[in-house]
Amino acid sequence: MSSVPTASRVNIPTPGYIASKNRRRPALIALAVAFLLLSALAGWWAFTQISTTTAVVGVRESITRGEVIEREDLVIMQVSNDPQQSTIPAEELEQVIGRRAATDLPAGVTVPREAFTDALVPPKGRAVIGVVTKGGSAPRTGLVKGARVTLVPLAGSTGDTTPEEPGSSTSSSPPPSTNTPAPDDESAGSVEGTVVDVVDNGDGTGRVDIEVDAAQAGELQRLAAEDKLALVVESQER
């Protein structure tokens with residue numbers, strides 16, 4: 001008996017299956033392209049961040065004027081490149097250690113090149129007094145750090161404030177005026193000094209620290225505390 005040949009089974013994909021498979025390929029390609037673009041953008045952002053910042057010397061712990069700067073007072077900071085800002089590159093940090101601060105440096109700020117000095121403030125034989133400025137006791141123009149000024153005692157600043165006895169020969173004399181410039185014959189009491197710091201409160205008042213001769217500092221500070229001292233800014237031309 002002869003066998004009847006049977007047809008082998010062949011799986012023929014349907015047209016819908018082929019179309020669906022072909023549609024998935026462009027989607028995968030688009031996803032890969034998007035991933036590459038995002039990676040490129042991330043790399044570009046990281047590069048620009050590195051190229052637009054620089055490492056500079058900053059202040060870790062607040063430093064007061066006149067204090068010797070130590071390593072633990074400093075920190076390396078990353079800041080944006082700004083040619084208008086005075087900073088010290090991180091590689092020069094060791095050159096800052098051991099210097100003396102010429103001004104107060106609060107924590108968190110960068111250290112400018114002019115913020116330290118090798119000299120003591122004030123130097124030997126000199127002293128710094130503080131004068132509160134208000135009203136017409138000091139000019140607003142030219143009163144800056146480093147300016148040369150003249151301290152002028154006001155009339156009545158050295159007079160005796162003891163009340164006179166009734167019937168005395170001078171009881172009818174008018175009392176001396178106060179808070180007015182001293183007459184010319186008292187101009188010898190004027191003292192020259194140099195401004196080392198200026199604080200402006202923004203309301204017409206402030207404080208000026210002035211370096212003067214140490215021998216005269218005590219009397220000048222007394223007059224300043226009694227509001228009997230005026231400031232005159234001298235010409236800065238030499």
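No hydrogens, no waters, no symmetry mates; every other heavy atom, side chains included, goes into these values. Being a predicted model, the structure only gives us computed values, none of them experimental.
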Show the nearest heavy-atom pair for residues [X] and [Y], with the distance to one decimal.
{"X": "A55", "Y": "I76", "result": "CB-CG2, 3.9 Å"}
{"X": "A101", "Y": "T64", "result": "CB-O, 3.7 Å"}
{"X": "T150", "Y": "S190", "result": "CG2-CB, 3.8 Å"}

Any chain of hydrophobic side-chain contacts (each under 4.5 Å) joining V96 to V109? yes
Give the cluster check for V191 versus V233: same hydrophobic cluster or not, with ILVMFWY residues linked at side-chain heavy-atom distances below 4.5 Å. yes
In this structure, are over 12 heavy atoms from other groups packed under 6.0 Å from Q85 atom CD? yes
Just to verify, which of V111, L93, V79 counts as forming a side-chain contact (heavy atoms from CB on, under 4.5 Å) with V56? V79
From the options N201, V198, V199, V208, select the one residue that forms a side-chain contact (heavy atoms from CB on, under 4.5 Å) with T133. V208
To the nearest 0.5 Å, tell me how far [X] [atom1] sits from [Y] [atom2].
{"X": "I210", "Y": "L151", "atom1": "CD1", "atom2": "CG", "answer": "4.5 Å"}
{"X": "R99", "Y": "I63", "atom1": "CZ", "atom2": "CD1", "answer": "12.5 Å"}
{"X": "K145", "Y": "D197", "atom1": "NZ", "atom2": "CG", "answer": "7.0 Å"}

Return yes if some donor-acceptor pair links the side-chain N/O of [X] with the main-chain N/O of [Y] below 3.5 Å, else return no.
{"X": "D104", "Y": "R65", "result": "yes"}
{"X": "T194", "Y": "E211", "result": "no"}
{"X": "R100", "Y": "G66", "result": "yes"}

Is the shortest heavy-atom distance from the side chain of D73 to the side chain of E67 under 4.5 Å? yes
Between R222 and E219, is there a side-chain heavy-atom distance shorter than 4.5 Å? yes
